[in-house]
2 protein chains.
Amino acid sequence: MLNGPPSQAGPGGPCVAQKVKLSTIAETLGLSTATVSLALRDSPLVADATRERVKEKAVELGYIYNRRAASLRTSRSGIVGVVVHDIMNPFYAEILRAIETELDRSRQTFILSNHYDSVDKQRNFIETLLQLGGDGVIMSPAIDTPVADIKLAEDNGMPAILIARQVPELDVPTFRGDDSYGIALATNHLISLGHRVIAMIGGTDQTSTGRDRYQGYVNALLKAGIEVDPGLRIPGPRTKQGGFEAAVNFLSMPQKPTAAVCWNDLVAIGLMNGVSRAGLVAGRDISVTGYDDLEEAAIATPALTTVWNGQAEVGRSAARALLDKLNGSSEANGLHLIKPEMRIRQSTAPLKKD
Amino acid sequence: MLNGPPSQAGPGGPCVAQKVKLSTIAETLGLSTATVSLALRDSPLVADATRERVKEKAVELGYIYNRRAASLRTSRSGIVGVVVHDIMNPFYAEILRAIETELDRSRQTFILSNHYDSVDKQRNFIETLLQLGGDGVIMSPAIDTPVADIKLAEDNGMPAILIARQVPELDVPTFRGDDSYGIALATNHLISLGHRVIAMIGGTDQTSTGRDRYQGYVNALLKAGIEVDPGLRIPGPRTKQGGFEAAVNFLSMPQKPTAAVCWNDLVAIGLMNGVSRAGLVAGRDISVTGYDDLEEAAIATPALTTVWNGQAEVGRSAARALLDKLNGSSEANGLHLIKPEMRIRQSTAPLKKD
DNA sequence: CTGAAAGCGCTTACAG
DNA sequence: CTGAAAGCGCTTACAG
């Protein structure tokens with residue numbers, strides 16, 4: 001009992017039988033927990049030699065910092081929540097990638113969730129995040145998100161940043177593309193190629209994005225003196241499947257559209273696949289534009305003419321705005337529109353006169 | 001000071017100036033925190049009437065449960081970590097969707113991360129998860145994951161479940177498809193269509209999956225008495241881009257392959273896009289098989305012949321295995337192989353005799 | 001430069 | 001059925 005080997009130094013290095021905590025290190029080294037705590041966080045208050053001793057011992061003992069305990073004390077958790085419609089959608093995935101890169105740099109952990117446009121699922125996520133003491137939340141709000149749900153976060157000290165979509169009457173920082181302008185770019189491009197009967201495929205009026213994009217299409221037509229025919233609109237899911245299924249409908253329209261403005265790249269690719277089952281090739285028999293300029297757009301066949309929508313920029317800006325807010329500044333309130341740009345590839349071509 | 005209105009009951013309902021905690025509810029109601037705590041968690045120890053009063057007051061005050069405090073006490077956090085190569089890859093996204101569904105049911109929060117095959121990023125994630133007191137981790141291990149990194153989790157009471165990939169000499173529950181068997185299905189399918197010069201596109205030997213798939217392809221050829229030509233293999237990224245770029249290489253092979261077994265659906269779709277730029281159509285001029293049966297495979301053009309790889313099943317089983325472990329049972333150790341199945345569509349066709 | 005002590009907001013025995 | 005008290009593992013003033 002008296003001179004046996006110290007039980008800590010078992011064979012095999014950092015073998016954690018009893019949980020190692022700050023106080024374990026403190027006792028082993030004959031220091032106070034205060035000093036150990038400061039040393040581990042590189043406080044200049046601690047002597048260099050002491051800091052080294054502490055850090056070495058921490059590694060040796062396999063110490064694991066308990067962030068729950070720390071954040072209970074400091075009320076900063078290092079957790080940021082991100083909730084979007086569906087991370088499987090490459091549009092959001094590209095945004096997330098940029099957010100991840102930015103948050104990693106600040107050593108924030110991020111918690112991800114889909115809401116699939118369920119307001120309940122979204123509120124649930126916000127509540128969980130609050131319970132975990134989340135520092136902030138970046139969200140692409142679900143359709144019909146009540147202002148109260150965002151306020152819930154903000155009132156409890158968890159700032160919110162909005163991406164891709166907007167909630168009316170809310171002054172939180174919001175980053176998204178200028179949809180109305182962007183879709184007009186695509187529509188104008190088709191008009192300049194001689195097209196006059198242009199369908200609009202995909203999307204709904206339930207989101208601000210959906211309304212803006214339809215409006216942009218309508219405006220561009222009107223400006224060119226082309227009559228707007230609501231029958232040329234096929235609303236629907238914003239997915240490849242949605243575009244694929246719209247193809248039959250598109251091809252059987254009595255107005256015989258020669259071009260399609262699609263809600264996004266996914267719909268456009270699906271539509272191109274669909275019409276090609278009928279032997280038609282985009283860029284030859286019909287013209288198709290996408291929206292977003294996903295990484296995939298350039299390697300689609302034919303390569304997709306589309307509108308760059310700045311996913312990476314949206315993600316990066318949103319993350320930075322949040323980090324800024326966490327550090328006390330808050331200049332970023334309000335709407336930040338990113339200017340879309342045309343990307344002309346092979347899926348559009350001049351109208352052939354019969 | 002004496003008979004002003006109580007400061008809690010400000011106008012506008014649950015307006016949280018001071019942070020509302022358990023003790024706030026307790027004081028307001030003249031109860032102890034113990035009783036309030038039990039009431040909120042539906043303990044049968046508490047009288048029904050008391051429970052109702054507590055719950056109503058909690059809502060009224062806008063109380064937010066502090067999970068950090070609770071988990072500091074109970075050492076269960078309700079957090080599960082999930083780390084995969086890249087959530088933007090639909091293969092993983094489909095697995096994640098199943099995991100999410102399963103964990104939601106048990107009210108576990110999940111934290112997601114990509115490791116992009118960086119062992120450091122992966123270890124970092126595991127450490128963060130430990131610091132947050134994660135209950136468990138589901139991972140598709142990065143290439144060359146050291147056993148020690150998994151042990152780090154397990155030794156600190158955080159069980160690990162492996163998906164899609166394996167770490168040698170590790171007995172943790174592992175769920176994946178039977179790659180060697182599955183790729184043989186695809187190869188045999190092409191052989192039965194008369195193909196003899198069959199290329200293998202994409203993948204590397206650095207993952208167990210990569211080795212298994214190449215081996216399955218080799219085995220199928222040998223069994224059919226076809227000589228294996230290593231020159232017919234084009235290793236590469238497992239992405240659409242990778243398949244797209246392999247097309248040139250594939251078309252210029254001196255052996256003139258008539259078919260391609262692709263590492264996965266993404267590579268296959270990329271390859272089909274690539275060869276179609278040269279005017280060749282899969283299912284007519286060449287035959288192409290994919291692997292995974294992503295949702296996208298069925299709507300590709302041409303619809304992709306592929307191998308169902310059970311993503312949803314992998315995700316569901318992994319999540320259940322983890323939940324079981326957290327509840328004390330641990331029968332699921334070791335490897336669980338899911339049997340792949342052939343899905344024949346339009347991208348493969350009988351060899352045309354010239 | 002280091003230590004003693006209080007406290008973050010819960011839950012858990014233990015009493016009654 | 002309810003309450004008083006200790007403790008989870010940190011950090012933060014405050015002393016020295």
Within the 4.0 Å heavy-atom criterion, would you say A/Gly30 contacts the bases, only the backbone, or no part of the nucleic acid?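 Touches sugar-phosphate only.
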Over all strands shown, is B/Thr50 touching base, sugar-phosphate only, or nothing at heavy-atom distances under 4.0 angstrom?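 It contacts sugar-phosphate atoms only.
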Run B/Leu162 and B/Met139 through side chain to side chain contact (heavy atoms under 4.5 Å, CB included) and show every step you take. CA-CA 5 Å; B/Leu162 266 41; B/Met139 49 193 295; 3.8 Å; yes
Measure from the side chain of [X], starting at C-beta and using heavy atoms only, and say which of [options] lies closest.
X	options	answer
B/Arg73	D/dC8, D/dT12, C/dG3	D/dC8
B/Leu45	D/dT2, D/dT11, C/dC1	D/dT2
B/Ala70	D/dG9, C/dC10, D/dT2	C/dC10

Pairing check on D/dA4: which nucleotide meets the Watson-Crick or G-U wobble criteria with it, both distances under 3.5 Å?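 Base-paired to nothing in any strand shown.
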Give a yes/no on whether any side-chain N or O of [X] is located under 4.0 angstrom from OP1 or OP2 of [N].
X	N	value
B/Ser37	C/dC10	no
A/Thr35	C/dG3	yes
A/Arg41	D/dT12	yes
B/Ser32	D/dA4	no

For [X] and [N], what is the distance between atoms [atom1] and [atom2] respectively, to the nearest whole Å?
X	N	atom1	atom2	answer
A/Asn66	D/dG7	CG	C1'	13 Å
B/Leu130	D/dG9	CG	C1'	15 Å
B/Leu61	C/dG9	CG	P	15 Å
B/Lys21	C/dG7	NZ	P	11 Å

Return the 5'-most residue of the pair B/Asp48, B/Leu72 with respect to DNA chain D, ranking by each residue's nearest nucleotide.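 Upstream on the strand: B/Asp48.
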Enumerate all atom pairs, one protein N or O and one N or O from nucleotides 13-16 of chain D, separated by less than 3.5 Å.
none

